[in-house]
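Both backbone and side-chain heavy atoms feed into the values below; hydrogens, waters and symmetry mates do not. Below, read A as the first sequence line, B as the second, and so on, with proteins coming before strands; counting in each chain starts at 1.
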Amino acid sequence: QQPVQSPQAVILREGEDAVINCSSSKALYSVHWYRQKHGEAPVFLMILLKGGEQKGHEKISASFNEKKQQSSLYLTASQLSYSGTYFCGTEATGGYQKVTFGIGTKLQVIP
Amino acid sequence: DAGITQSPRHKVTETGTPVTLRCHQTENHRYMYWYRQDPGHGLRLIHYSYGVKDTDKGEVSDGYSVSRSKTEDFLLTLESATSSQTSVYFCATGAGGLREQFFGPGTRLTVL
């Protein structure tokens, strides 16, 4: 079952912040975040493992609440280069590295 | 970047014909995956492999089969293509421990 992402789309002006949420009905071992630009392949951003740690990547960070099976991706001071579709992928406990992706959140940053 | 290639990159075929897509990697990664991407559905796992000759089904495996006889190659076969299999197909690999997946450039398949 695919994780649920919200919102499905968001438009930001440069410098604004955004949060993308991901939730699953399964007990999770890890949550992955990827970004895909139009016409390109998805690119890995970060992974959060069971344990609730928060990770960062430049001005993009994420958290993982394993009790609620939820993760959030935080984009601060957005740049034009942040535009793209963001996917969360979840690996269930005992999932043997099998990742299930959500339908994605389309982010557009405008000047 | 991981060395992952997919062939062909574009293909147009007719309903009922068999189609094989190839994924080739030069990174010696243990895990390999096939996804399809469709508007409104995101990335959906078709099949994946956790070692040579070791494969398992994903969430949308009906109508697809896979084979992995060598570490570097993962083949996806549509035994009898249907229009519903028109999609962009991505291959991905993973080394295991780090759990990060590296995606290939994708294959755009059109079934008429």
Side-chain angles (χ1 to χ4, degrees), chain A residues 1-9 20-26 28-51 53 55 57 62 64 71 84-107, chain B residues 1-7 9-10 21 23-25 27 29-51 54-61 66 68 74 87-108:
Chain A
Q1 189 173 8
Q2 290 182 281
V4 177
Q5 285 186 238
S6 63
Q8 291 191 15
I20 300 172
N21 300 302
C22 175
S23 64
S24 174
S25 58
K26 297 182 178 181
L28 299 178
Y29 177 78
S30 69
V31 178
H32 301 219
W33 287 98
Y34 289 77
R35 178 171 62 203
Q36 183 180 33
K37 293 189 178 288
H38 183 69
E40 300 180 5
V43 174
F44 176 79
L45 290 176
M46 66 189 73
I47 183 171
L48 300 103
L49 301 178
K50 186 177 178 179
E53 48 178 315
K55 292 216 166 187
H57 175 77
F64 175 27
S71 178
T85 300
Y86 289 77
F87 292 97
C88 76
T90 55
E91 179 186 359
T93 301
Y96 211 46
Q97 306 231 5
K98 179 180 173 180
V99 177
T100 303
F101 287 92
I103 65 171
T105 295
K106 188 172 183 179
L107 179 79
Chain B
D1 290 341
I4 306 169
T5 57
Q6 293 185 229
S7 58
R9 294 292 313 280
H10 301 271
L21 307 183
C23 178
H24 179 77
Q25 57 132 335
E27 300 298 315
H29 285 170
R30 176 183 175 186
Y31 296 87
M32 297 187 76
Y33 307 82
W34 276 108
Y35 295 93
R36 60 177 290 175
Q37 185 171 32
D38 306 285
H41 293 278
L43 291 158
R44 291 182 291 175
L45 182 65
I46 304 172
H47 282 279
Y48 74 110
S49 170
Y50 47 94
D54 292 322
T55 64
D56 199 1
K57 295 180 179 179
E59 57 199 295
V60 289
S61 59
V66 290
R68 191 173 179 198
F74 194 32
S87 187
V88 177
Y89 291 85
F90 284 102
C91 171
T93 71
L98 296 176
R99 310 185 104 78
E100 172 183 357
Q101 292 189 20
F102 300 89
F103 282 79
T107 293
R108 183 173 294 277

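- At a 4.5 Å heavy-atom cutoff, the contact between B/L43 and chain A is made by backbone and side-chain atoms alike.
- In this structure the side chain of A/F101 never reaches within 4.5 angstrom of the side chain of B/H41, judged on heavy atoms.
- By the 4.5 Å heavy-atom criterion applied to side chains, B/E59 and A/Q2 are counted as neighbours.
- Neither the backbone nor the side chain of B/R108 comes within contact range of chain A; no heavy atoms are under 4.5 Å apart.
- Closest of all the heavy-atom pairs between A/A41 and B/G104 is CB-O, 3.1 Å.
- When every heavy atom of A/F44 is checked against every heavy atom of B/Q101, the shortest pair comes out as CB-O, 4.2 Å.
- No side-chain heavy atom of B/Y31 sits under 4.5 Å from any side-chain heavy atom of A/V99.
- At distances below 3.5 Å, at least one donor-acceptor pair connects side-chain atoms of A/K98 with backbone N or O atoms of B/K57.
- Nearest approach of A/Y34 to B/E100, heavy atoms of both residues: OH-C, 4.0 Å.
- Per-residue heavy-atom pair counts under 4.5 Å with chain B were compared for A/G102, A/P42, A/S30, A/G39, and the maximum is reached by A/P42.
- A/I103 contributes atom CD1, which lies 11.5 Å from atom CD of B/Q37 (distance to the nearest 0.5 angstrom).
- Contacts with chain B were tallied for A/Q5, A/Q1, A/Q36; A/Q36 has the most, counting heavy-atom pairs under 4.5 Å.
- Using a 4.5 Å cut-off between heavy atoms, A/E40 contacts chain B through its backbone alone, with no side-chain atom that close.
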